[in-house]
Every structure is written in C-alpha cells, then in structure tokens.
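Notes to accompany the following structure.
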There are 2 protein chains.
Amino acid sequence: MRPRNTTDGIPEASIARLPVYLRALQSLADQGVTTVSSHQLAIAAGVNPAKLRKDLSHLGSYGTRGVGYEVDYLIYQISRELGLTQDWAVAIVGVGNLGRALANYGGFASRGFQIACLFDADPRQIGTRVGHHVVHDIADLERIVVEKRVAIGVIATPAAAAQQVCDRLVAAGIRSILNFAPTVLSVPPTVEVRKVDLSTELQILAFHAQRRALSELEALDVIDYPDIERLDPRAVSRADEPPDRPRRVAGVSR
Amino acid sequence: MRPRNTTDGIPEASIARLPVYLRALQSLADQGVTTVSSHQLAIAAGVNPAKLRKDLSHLGSYGTRGVGYEVDYLIYQISRELGLTQDWAVAIVGVGNLGRALANYGGFASRGFQIACLFDADPRQIGTRVGHHVVHDIADLERIVVEKRVAIGVIATPAAAAQQVCDRLVAAGIRSILNFAPTVLSVPPTVEVRKVDLSTELQILAFHAQRRALSELEALDVIDYPDIERLDPRAVSRADEPPDRPRRVAGVSR
DNA sequence: CCGATTTTGTGCACGCATTCACAAAGTCGT
DNA sequence: ACGACTTTGTGAATGCGTGCACAAAATCGG
C-alpha cells in the first residue's frame with residue numbers, strides 16, 4: 001500500500017533551487033527547446049546534474065530515460081509545486097527608493113505574484129502614485145490587507161520601523177514575509193520570514209576579497225607571516241575602531 | 001609548535017552569519033551596552049547560543065568565561081575578519097529603479113563600502129546625476145574601474161545584459177560580483193558571484209504558503225486526499241500552462 | 001584564599017546535503 | 001525484433017553543519 005508519489009517532505013535545499021531551474025527552463029522554452037537532459041539543464045542552472053535529478057525526483061518521476069525532460073511539462077510541474085499556478089497578492093510596505101524599485105519591477109518578478117497595495121507612514125507619500133498604485137496610509141494596513149486578501153508582505157522600510165511593521169502584518173494575518181530591512185525580525189513560529197540583505201552580501205564578498213588579497217600577498221613575500229601580524233590589529237589601513245583590548249594578559253590560549 | 005590562532009578555514013556558514021552578529025553588536029553598542037553574553041547576543045541575532053559561540057571561536061578566543069564578550073572589541077574583531085577595516089570601492093552597473101535605489105541607499109550598507117562609480121548603457125542616462133555621482137557610459141567601464149580601483153561590482157541591469165556586463169567586469173579585474181539580475185552568471189573559478197534574487201525568495205515563500213494552505217484544508221476536510229488530486233494538474237485555479245503531458249501511459253512508478 | 005557561580009570553548013553525535021556510480025528503463029537504428 | 005546507446009532515478013558513501021552537554025576558566029563574595 002501507499003503509492004505516495006509526491007506526498008510530502010521536499011528538502012529545503014531542493015526547494016530553494018527549484019526557482020532557478022524554473023527560470024532556466026523558461027529561458028530554454030523561449031528559445032524553442034522542447035526537451036532537455038539533466039546535464040544540459042544542470043549547466044544552465046549552474047548545478048551538478050546528479051543534484052538536479054535528485055531535486056526533480058522529489059516532485060515525481062517526470063523525466064524519460066534515454067531522452068530527458070520535456071521542457072513545458074517540467075515547467076508546469078515545478079510551477080505547481082511552488083504554488084505558482086495561483087496568484088499571490090503582495091503588499092509592499094515602505095515606498096522609499098527600494099520600495100519604489102520593487103513596485104516598478106516589471107511584471108513583479110515572474111508570473112504568479114501581483115502587487116495588491118503599497119503602504120507608507122510618511123504623510124507626504126500617502127496618496128501619491130507609484131506605478132499604477134496609490135500609496136496607502138499605513139494606519140489602514142490591517143483593513144486593506146484583509147480586503148485585498150494579501151498573502152505576502154514585503155518590508156522595505158528603514159530598520160527602525162521594520163519590527164513594528166512586521167507585527168502589524170502578522171496581526172493582519174500574513175504569514176509570509178520578505179524583509180529587506182537590515183534587522184532580525186521576531187515572529188511567531190507560524191510565520192515565515194525570508195530576508196534579503198545587501199549589506200550582508202557585500203560583507204561576505206569583502207571577506208573573500210580580503211582573503212584573496214592576503215594570500216596573494218603571502219605568495220609574493222617569501223616570508224610566511226607569523227601570527228604577530230594577525231594579533232596586532234593596528235597593522236591595517238583604516239583604524240575604524242581602536243581595539244581597546246579587554247583585560248587579558250598573556251593568554252596564548254592553549 | 002604552531003599556535004595557529006585564526007590562521008585559516010572559517011566555515012562558509014559561519015562567515016555568512018558574521019554580518020548578522022556585527023549588526024546586533026552595533027545595535028547593542030548604540031544602546032550603551034559594553035558587555036554581552038553569548039546567550040543575549042544569540043537572541044539578538046536570532047540564532048542558537050552554541051552556534052554563535054562556535055562561530056566566534058573560529059576567529060579566536062575573544063570572550064571571557066564567566067563574563068561574556070566585550071562589545072566594542074568583538075565588533076572590531078569581526079570587522080577585521082570580514083575585511084571591513086579597509087574601504088572597498090564598489091561599482092554599480094545599471095541605474096534603473098534598482099540601481100538608483102542602491103546608489104541612494106544611505107551610507108551604502110554599513111561602513112566599509114563606498115560607491116566609486118555608476119554605469120549605464122542607455123544614452124539618456126549617461127551624464128545624469130544619481131545621488132552625487134555622474135552616470136558613466138558603460139563603454140568606459142574597464143578604464144574607470146581600473147582608475148578607481150574598484151574591487152566589487154554590482155550588476156543591476158536587465159537579465160539580458162547581465163552576462164555581458166559580468167564578462168566586462170571580470171575583464172577589468174574585478175573578482176567579487178553581486179548580481180541582482182535574475183540569471184545564472186558564468187565566471188572563471190577565481191571570481192566570486194553572489195546573487196540577490198527577489199523572485200526566488202518570493203517563490204520559496206509561495207511554496208510554504210501553499211503548503212500551509214493545503215494542510216489547513218486537509219485538516220478541515222476529514223477526507224485524506226488520495227494521489228489522484230495531485231496527478232491531475234487541471235484541478236488548480238489558474239491553468240497557466242496546459243500540461244500537455246508527455247507520452248507515458250500507466251507508469252505508477254514504484 | 002577558597003568555593004559557588006557564571007559563561008565560554010569544544011568534543012561528540014546526529015542529521016541533512018552533496019556527489020558518485022550504477023542498474024533500470026527507455027529510444028533509435030538496422 | 002533486437003542490441004547498442006542514452007539518460008534517468010536512486011542506493012550508498014562522504015562531508016558539512018547543528019546543537020547538546022560538559023569541562024575549563026574566569027569572576028565575585030565572604
């Protein structure tokens with residue numbers, strides 16, 4: 001008993017890649033490609049073919065051995081799995097530079113999402129038009145969110161306002177939040193928050209850039225730097241924060 | 001021999017969290033807090049205290065047992081590890097809605113990053129001012145990037161132009177790229193690309209939202225849906241892509 | 001100076017994710 | 001109709017990340 005095809009439990013990591021596959025497939029479809037092998041699709045999506053196959057196998061057995069995957073059919077299956085066969089109403093809170101950019105983002109990402117309303121707290125913004133939407137007073141958030149059946153909230157406010165806005169979105173019944181503000185939001189466990197964080201990404205890039213720069217330096221100098229250089233922070237260019245070391249004497253630490 | 005304090009090899013996952021810790025610490029510092037325990041900081045950063053301690057232990061032994069971490073000192077150490085004690089020149093390519101939003105983003109993320117130049121391909125944009133920068137012709141990309149010693153490139157162009165722009169950034173010597181365009185970029189292995197992708201994030205949210213909606217539906221109905229419902233895609237509301245099923249007959253597939 | 005208390009740093013076990021490698025399953029040419 | 005070939009789907013091995021639980025280290029009160 002129990003055929004259980006695609007009943008449950010796709011790994012998070014796989015889900016996070018499905019949108020990438022979907023885009024690659026759509027691009028192939030636009031080029032008139034009707035069939036694609038896991039190898040080709042994996043290249044287009046920038047992943048390992050085995051990983052791609054395992055990911056897809058979680059949604060069911062939609063390929064044909066010896067041939068590959070039918071592009072349109074796979075697009076449909078992934079879309080369905082991701083919940084893109086229905087429309088999702090999105091509310092954007094904060095129409096600063098970023099909020100405007102999001103609101104004007106043509107077609108709002110791919111199909112499946114529709115901007116339902118915009119909010120701001122600034123009286124000078126309220127009532128103005130952004131794209132083909134009027135900016136609402138954030139005071140009306142709960143009412144309008146319920147009216148328009150908004151399912152996803154996007155926070156594009158300053159960090160200081162983010163938690164407060166988040167609380168109100170949650171109070172209005174929203175359980176999917178995309179946060180662009182540089183803050184950790186606290187929400188009840190029934191609510192899912194994803195964050196998009198420019199500054200974090202830049203800092204990660206900086207880390208690796210510095211690492212590259214240092215290893216190239218070490219490759220040039222014949223001398224293998226001892227730990228002294230690392231233990232004296234003043235050796236760096238911009239002393240942003242004089243380290244005011246903590247009381248701690250000769251602790252070489254094990 | 002070999003004290004090797006912080007010589008090498010911090011796990012990627014830890015690095016990705018350091019910026020979050022840094023922000024939490026800066027916020028604490030602003031509130032006048034001078035010392036923090038792993039427990040408190042973990043709450044502020046939204047992670048498990050043990051994970052936090054393990055992450056920090058990769059940079060060295062900067063805590064004091066029985067007390068906690070000195071906020072300023074830890075800020076400094078994390079900043080140094082991330083390479084934020086020096087400035088990084090950033091180039092933004094594409095001054096559409098998103099590019100403008102990024103360019104105007106106050107102080108550009110946190111300290112440590114500085115916008116060095118903006119580029120666009122559209123003649124109507126070239127020469128105009130965005131923030132306190134003039135938009136350069138993308139034709140001059142290589143020259144200006146080298147002149148200004150740009151280390152990080154941000155791609156905020158339409159998807160169609162992204163790979164081409166990326167190739168030119170790489171040709172100009174840039175090895176850290178932040179990609180906002182919805183495309184998989186292909187780069188030599190010496191170059192690091194990170195992507196920020198609105199549409200992917202929304203789709204992941206939609207997946208979980210759909211899952212919640214379905215499981216609530218199942219909780220209401222007493223009937224446990226058999227697989228038939230899942231095998232007939234036309235049961236969904238918005239038939240975006242009539243599934244045109246592939247030739248395949250009764251394959252129940254184990 | 002010592003013992004109670006706090007909190008770090010980390011060994012260890014567990015679970016998830018990735019990748020290899022191969023059998024199963026299909027296609028295509030003859 | 002059959003055999004060579006292609007490509008999927010997946011068992012199994014390996015590696016990485018997480019979190020518990022505890023010993024080591026430091027403070028503080030008496």
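So that the names make sense, note that chain A is the first sequence line, chain B the second, and so on, each numbered from 1. Values below: all heavy atoms of this structure, side chains included; hydrogens, waters and symmetry mates excluded.
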Exercise. List for me each residue that meets side chain to side chain contact (heavy atoms under 4.5 Å, CB included) alongside A:A159, sequence neighbours excluded, and say none if there are none.
Key: A:P182, A:T183
Quiz prompt | Pairwise salt bridge (Lys or Arg N to Asp or Glu O under 4.0 Å) hits with a residue in residues 15-38 of chain A, at least two apart | solution = A:R17-A:D55, A:R23-B:D197
Contact list (N/O, under 3.5 angstrom) for nucleotides 14-18 of chain D vs protein:
from: D:dT18; atom 1: OP1; to: B:R17; atom 2: NH1; distance (Å): 3.0
from: D:dT18; atom 1: OP2; to: B:R17; atom 2: NH1; distance (Å): 3.3
from: D:dT18; atom 1: OP2; to: B:R17; atom 2: NH2; distance (Å): 3.0

Exercise. Could you give me the CA-CA distance, side-chain angles and deciding distance for A:S176 and B:R212, then say whether side-chain hydrogen bond (donor to acceptor under 3.5 Å, both in side chains) is met?
Key: CA-CA 10 Å; A:S176 303; B:R212 274 196 303 270; 2.7 Å; yes
Self-check item: Rounded distance in Å - CG (B:L56) to P (C:dT7)
Solution: 16 Å
Exercise. Return each pair, listed once, that meets salt bridge (Lys or Arg N to Asp or Glu O under 4.0 Å) where at least one residue sits in residues 34-53 of chain A; pairs must be two or more places apart or across chains.
Key: none
What N/O pairs connect the protein and nucleotides 28-30 of chain C at under 3.5 Å? Give each pair on its own line.
none

Exercise. Rounded to the nearest angstrom, tell me the gap between atom CD1 in A:I10 and atom P in C:dA17.
Key: 12 Å
Quiz prompt | Distance, rounded to the nearest Å, where A:L52 contributes CG and D:dG9 contributes P | solution = 10 Å
Quiz item: Who passes side chain to side chain contact (heavy atoms under 4.5 Å, CB included) against B:Q40, sequence neighbours left out?
Solution: B:V36, B:S37
Quiz item: Quick one: A:L59 CG to D:dG9 P, roughly how many Å, whole number?
Solution: 10 Å
Exercise. Rounded off to whole Å, could you give me the NE2-to-P distance for the A:H58 and D:dG9 pair?
Key: 12 Å
Quiz prompt | B:S37 side-chain N/O to C:dT7 phosphate OP1/OP2 under 4.0 Å | solution = no
Quiz prompt | A:Y62 OH to D:dT7 C1', straight-line distance once rounded to whole Å | solution = 19 Å
Quiz item: How would you list, by chain and number, every residue that makes a side chain to side chain contact (heavy atoms under 4.5 Å, CB included) with A:A29, sequence neighbours excluded?
Solution: A:V71, A:D72, A:I75
Quiz item: Is the backbone N or O of A:S186 less than 3.5 Å from a side-chain atom of A:Q163, with the two atoms forming a donor-acceptor pair by type?
Solution: yes
Quiz prompt | Residues that B:P189 engages under side chain to side chain contact (heavy atoms under 4.5 Å, CB included), provided they are two or more places apart | solution = none
Self-check item: Distance test, side-chain N/O of A:Y69 to OP1/OP2 of D:dG9, below 4.0 Å
Solution: yes
Quiz item: Starting at CZ of A:R53 and ending at P of C:dT18, how long is that distance when rounded to a whole Å?
Solution: 15 Å
Quiz item: Mapping B:G68 and A:G66 to their closest nucleotides on DNA chain C, which lands nearer the 5' end?
Solution: B:G68
Exercise. State which residues pass side chain to side chain donor-acceptor pair (under 3.5 Å) with A:E201; sequence neighbours excluded, sorted by chain then number.
Key: B:R194
Practice problem: Please check the phosphate of C:dG9 (OP1 and OP2 only) for any side-chain N or O of B:S61 closer than 4.0 Å. | Solution: yes
Quiz item: Between A:S38 and D:dT7, is there a side-chain N or O to OP1/OP2 distance below 4.0 Å?
Solution: no
Exercise. Starting from P on C:dA4, measure out to CZ on B:R65 and report it in whole angstrom.
Key: 20 Å
